[in-house]
Every structure is written in C-alpha cells, then in structure tokens.
Amino acid sequence: MIKILSGKEIAEAIKHEVAEEVKKMPTPPCLHVIRVGDDQASAVYVSNKIKSACEVGIISHHTHLPATITQVDLLEKIRQLNEDESVDGILVQLPLPSHISEEVVLESIHPEKDVDGFNPINAGRLFQGKQTLPPCTPAGVIEMLKRYGIVIEGKKAVVVGRSNIVGKPMAMMLLQENATVTICHSRTTNLQEITNQADILVAAIGKAGFIRSDHIKEGAVVIDVGINKVTDESLARELFDEDELDKRLKAIREKGFTLVGDVNPKEAKQKAGFFTPVPGGVGLLTVAMLMKNTLRASNLRRKKSAFNKS
Ligand code: GUN
C-alpha cells in the first residue's frame, strides 16, 4: 500500500519549532528578500516566504527592484545589506533578468547571511561535510525522510538532475547521511537501469511526469522535487488517476494550467512504497527550511558577535 508523504504536516512542525525558538530570542531574526523584475512565479514565491516569516515571528523586508536595474546597482544593494547589522538573512529570488549574472550576485551575498545556501563558500562547506547553511529544498527532503522515519543509511539513492540548487546538494546531503549515491542527468544512458535500483529516488529534472513506472523499483521511496505547469488536457489524462483527474482538468480550464512534478503520479502510486505529491509535497518544505536557515544564520552571527566582544 503506497504511503503519501505530506509536506504540509512536516512544514507546519518545522515552522512551529522555529517560532518557539524565535520567541526565546531577545530580538527576532530579520530576513531581507530581493525580487528583481516582474516574473509572476517569483512574486508568488516571495509572498509565500514573507507570509511564512510573519507566521514564525521573523521580521521580513522585501525590496522589489525594476527589471532594468544594473548589475552594479543590485550588487551595491546587496553590499549594504551585507554590512547592515540588523539583517540576518539575504535572499535574492531567482531567476534574474538575463543582463545580470546570477553567479556574480549569489557570490556577493555574505556566506553568513546566505540563507538560500547558494554561495560557493556554503556549497563548498556542504561538499566537505562541514556545518553550513544548506540549500532549502534538498535540506527539506532530508528533513522529510527523517521525520517519516525512512532510513537513509546504507540505502541506494539515485538523484535525477544535477543543478546547483537541488541535484548536486541533494546528492551531497544523502551521502552525508551514509546513502550510496548516484547522480543521473540528461546525458545518462540507460537511465531506467540505474533508477530501477534506487531505494530512494529523487527527481529534480524539470520535465513534467518524466519518471514513469519503468524507472521505479517496486516499493521505492520516490521524492518529486519538480514543479511544472501542464496546460494540455490529454497530458493531464496520462498523469492523473480518476480520483484526481476532474480537479486537474477543472484547474486547466479555469486557470490555464495545473501543477505537476517530474514523476508521473498515476504510475508512481502503483509502484512506489512512498511518494511525495505535487503540490503539497517537497515545495512546502522549501519555505519552512528557509525559516530554519534564517534562525540558524541569526544564531550563528549572534554567537560570533558575542564571542568577538568577549
Ligand atoms: N527560484 C526558484 N527556487 C528558488 C530558491 O529556492 N531560492 C531562490 N532565491 N530563488 C529561487
């Protein structure tokens, strides 16, 4: 019998724990979010982050800059926030307009305030198994596996996708938990042969419903990190079983799309032992882990500043 891993309960539990910690602090942590341009999805993500911060008692500020801002001006804004003692966490929402280098911008965020965990210093620390601010989505996956009591140690884990944001850090975190890890990607030959061996299969490729029954080992834990828009009713029919289909078709007719992960849910439900739904799975954890990282960044900076003063 398949078990659906709900992100909602875990995200609520994490946020509750963060809120309890925040209550004990003399002043709450402060998160500063920068959004550049008018990407609609980014606007929704940023408003979710600010709403969550408010729920857990973290102070949040939002700077919305025009898409025409120069890279120099954006870097100057980040420099000011890096130096601002009242700011614990800085997050620049991606994607950025094409004239701005994401790499340069992410490197400019001070590693101690890098609550997204995207700065190469934090990525390098993760790579070396040192304490770091970890990227929120893969950290959320590990948190979910642990809180559902799923053993990682000694298991074969396969990560499909090698992005800096999810695939690579996910593989490092699974390794840190003593899984035997394989990373697959768009050039992998015989993908099915590899994914079929996975006790834990993480899909982070950005292709709607790409992982099908043939990719999944009977009883595997299947973690779907993808968030894709499906606009086509016939594709929706391939992806959803009867219980779900009406709701999804209604969404396509009313909103123009429905959200789907990288795994075909209809097929995964028949093969996997555990499965994360989209929406309602890993996505909710990303924001909860951002709150946890902001609390952590704040605690680390306060400890360091107390140490420097003593
Ligand atoms: N865009 C999509 N996901 C993310 C994320 O986790 N962090 C940031 N900063 N931008 C994103």
Side-chain angles (χ1 to χ4, degrees), residues 7 11 14-15 31-53 58 60-65 67 69 71 74-75 77-78 81-82 87-98 100-111 113-123 126 132-144 159 161-170 172-173 202-207 223-229 259 261-262 276 278-279 281-294 296-297:
I14 295 167
K15 288 202 287 184
L31 171 67
H32 199 113
V33 181
I34 298 178
R35 178 162 69 94
V36 182
D38 292 308
D39 181 82
Q40 277 198 354
S42 289
V44 174
Y45 291 141
V46 166
S47 85
N48 287 342
K49 288 169 187 179
I50 287 174
K51 188 168 152 259
S52 281
I58 288 176
S60 66
H61 298 290
H62 174 199
T63 299
H64 183 198
L65 299 167
I69 190 165
Q71 180 165 307
L74 176 57
L75 291 176
K77 175 72 194 169
I78 294 169
L81 295 173
N82 280 339
V87 174
D88 295 294
I90 304 168
L91 181 145
V92 178
Q93 186 66 28
L94 304 176
L96 292 171
S98 57
I100 298 177
S101 160
E102 287 186 356
E103 193 184 324
V104 171
V105 168
L106 296 179
E107 280 197 37
S108 76
I109 298 171
H110 194 290
K113 298 190 178 189
D114 170 36
V115 284
D116 253 332
F118 295 163
N119 182 296
I121 298 278
N122 285 324
L126 176 67
T132 185
L133 290 168
C136 301
T137 301
V141 171
I142 297 288
E143 197 82 26
M144 179 183 247
V159 180
R162 55 174 159 179
S163 70
N164 288 336
I165 293 179
V166 182
K168 284 184 210 162
M170 183 78 258
M172 285 304 133
M173 287 180 206
V202 182
I205 25 177
K207 286 188 189 160
I223 306 289
D224 193 350
V225 180
I227 302 179
N228 310 290
K229 281 186 179 175
L259 290 182
D262 292 348
T276 61
V278 177
V282 172
L284 297 171
L285 292 176
T286 301
V287 182
M289 293 310 284
L290 174 67
M291 300 304 122
K292 198 166 169 172
N293 264 359
T294 307
R296 185 171 155 72

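Atoms within a ligand are numbered from 1 in the order they appear, just like the ligands themselves. Along the sequence shown, residues carry numbers from 1. Since this is a predicted model, take the numbers as computed values, not measurements.
Within the structure, salt bridge (charged side-chain N to carboxylate O under 4.0 Å, His left out) pairs that include any residue of residues 133-143 comprise Glu143-Arg147, Glu143-Lys292 (at least two apart or interchain). The stretch residues 39-52 participates, sequence neighbours left out, in these salt bridge (charged side-chain N to carboxylate O under 4.0 Å, His left out) pairs: Lys51-Glu55.
Shown here are the side chain to side chain contact (heavy atoms under 4.5 Å, CB included) partners of Ile121, two or more places apart in sequence or in another chain: Pro111, Asn119, Arg125.
A 4.5 Å side-chain heavy-atom check between Ile34 and Leu81 finds at least one atom pair inside the cut-off.
At a heavy-atom cutoff of 4.0 Å, ligand 1 is surrounded by Lys49, Leu91, Val92, Gln93, Leu94, Asp116, Phe118.
Of the listed residues (Thr294, Asp114, Asn82), just one forms a side chain to side chain contact (heavy atoms under 4.5 Å, CB included) with Ile90, and that residue is Asn82.
A donor-acceptor pair is defined here as one N or O able to donate and one able to accept, closer than 3.5 Å; no such pair exists between the side chain of Glu102 and the backbone of Pro95.
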